[in-house]
Amino acid sequence: IALSADSLFAWVEREFPGNPVYICGWSLGAAVAIKTAAKYSEKLAGLIILSPWTSLPDCAKFHYPDFLVNWLIKEQYNSSADAEKINCPALLIHGADDRMIPADQGKIVAGNLPALKQEVYLEGLGHNELFGHSLVWENMLQFIRETSVDSSSTH
């Protein structure tokens, strides 16, 4: 997955030079977005993550016994550690009632993002309900508008 993200980032830079670049990911995609943003932070206008986890094992241990997770899961996708390396503006959105990836994991990731602009926890929304809620889209649009103005004034 990381190689695909690297290839996509290279393609975007080549095909759209000079345009602001944002990375957005949800759930597993948030882990990939965070890992990618940690590599290319200086080149990004912003990062939008929805329902991020602290690490894949942490998320799995929310659902399965520790011994099973420790035995089966080798990939870490440590979003908490990767978040510390991201210097571009970031927006985090999480359903407050997410039973797949607890909002507390999102709060930990948010606390590790040095340039976090906003974190949004939507009451009454679970993991698969975010994209059906207008506040998610409104917050993403507002974030892009604000950060694209910020990034254009610094170039």
Side-chain angles (χ1 to χ4, degrees), residues 1-13 19-64 66 69-70 72-123 125-131 133 135-151 154:
I1 293 176
L3 289 176
S4 296
D6 288 342
S7 295
L8 178 59
F9 190 84
W11 178 84
V12 167
E13 278 195 311
N19 288 306
V21 177
Y22 290 83
I23 294 179
C24 179
W26 169 64
S27 195
L28 170 59
V32 175
I34 291 168
K35 184 174 276 308
T36 305
K39 282 178 145 178
Y40 302 107
S41 182
E42 302 302 322
K43 297 180 177 185
L44 294 175
L47 169 67
I48 301 170
I49 49 176
L50 301 101
S51 306
W53 61 48
T54 51
S55 71
L56 181 56
D58 287 349
C59 187
K61 287 177 181 179
F62 184 70
H63 300 281
Y64 304 103
D66 287 2
V69 171
N70 295 336
L72 292 176
I73 294 185
K74 303 303 177 215
E75 181 60 60
Q76 294 296 304
Y77 283 102
N78 191 335
S79 295
S80 291
D82 289 336
E84 295 173 356
K85 303 170 194 165
I86 298 171
N87 294 315
C88 66
L91 166 65
L92 183 146
I93 301 174
H94 212 295
D97 298 322
D98 192 327
R99 291 187 186 143
M100 183 77 67
I101 302 172
D104 288 346
Q105 290 193 25
K107 291 176 183 178
I108 292 168
V109 172
N112 290 347
L113 287 163
L116 179 69
K117 291 282 187 193
Q118 184 180 10
E119 58 186 304
V120 177
Y121 299 94
L122 297 169
E123 294 297 325
L125 294 185
H127 191 73
N128 294 320
E129 300 163 330
L130 286 182
F131 293 105
H133 199 285
L135 281 177
V136 171
W137 298 102
E138 291 166 15
N139 276 284
M140 289 194 296
L141 181 59
Q142 177 185 351
F143 173 76
I144 291 169
R145 284 182 175 150
E146 290 174 1
T147 55
S148 65
V149 169
D150 292 347
S151 67
T154 60

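Once rounded to the nearest 0.5 Å, the distance linking CD1 of I48 with CD of Q118 reads 10.5 Å. Distance check, rounded to the nearest 0.5 Å: CZ of F131 to CG of L125 gives 11.5 Å. For the atom pair OG (S55) and CG (N78), the distance works out to 5.5 Å, reported to the nearest 0.5 Å. Atom CD1 of residue I34 and atom CG of residue D82 lie 7.5 Å apart, to the nearest 0.5 angstrom. Atoms CZ and CG, on F62 and D98 in that order, are 8.0 Å from each other to the nearest 0.5 Å.
Taking each heavy atom of G25 and A33 in turn, the nearest pair found is N-CB, 3.9 Å. In this structure, C59 and I101 approach most closely via the heavy-atom pair SG-CG1, 3.6 Å. A pairwise comparison of heavy atoms in I93 and L122 identifies CG2-CD1, 4.2 Å as the closest pair. Closest approach of S51 to W26, counting heavy atoms only: OG-NE1, 3.5 Å. When all heavy atoms of T36 and A5 are compared, the closest pair comes out as OG1-CB, 3.2 Å.
Side-chain N or O atoms of H94 include none that pairs as donor or acceptor with a backbone N or O of A96 at under 3.5 Å. Side-chain N or O atoms of H63 include one that pairs as donor or acceptor with a backbone N or O of M100 at under 3.5 Å.
Side-chain contact check for L50 versus C24: some heavy-atom pair is nearer than 4.5 Å. At a threshold of 4.5 Å between non-hydrogen side-chain atoms, the residues F143 and M140 do not count as touching.
With sequence neighbours left out, the side chain to side chain contact (heavy atoms under 4.5 Å, CB included) criterion links K39 to D6. For Y121, the side-chain hydrogen bond (donor to acceptor under 3.5 Å, both in side chains) partners two or more places apart in sequence, or in a different chain, are E119. With sequence neighbours left out, the side-chain hydrogen bond (donor to acceptor under 3.5 Å, both in side chains) criterion links E75 to no other residue. Residues that satisfy the side chain to side chain contact (heavy atoms under 4.5 Å, CB included) test with C88, not counting sequence neighbours, are S41, L44, L47, I86.
Pairs engaging residues 37-58 under the ring pair (Phe, Tyr, Trp, His ring centres under 6.0 Å) rule: F9-Y40 [sequence neighbours left out].
L3 CG: 12 or fewer foreign heavy atoms inside a 6.0 Å radius.
For K43 and E13, the salt-bridge test passes: some basic side-chain N is under 4.0 Å from an acidic carboxylate O.
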CA sep, side-chain torsions, deciding dist, call: Y77, V32, side chain to side chain contact (heavy atoms under 4.5 Å, CB included): CA-CA 8 Å; Y77 283 102; V32 175; 4.1 Å; yes

Between side-chain atoms of residues 102-112 and protein atoms elsewhere (two or more places apart, or another chain), which donor-acceptor pairs fall under 3.5 Å?
residue: Q105; atom: OE1; partner: T54; partner atom: N; Å: 3.1
residue: Q105; atom: OE1; partner: T54; partner atom: OG1; Å: 3.4
residue: N112; atom: ND2; partner: S80; partner atom: O; Å: 3.1

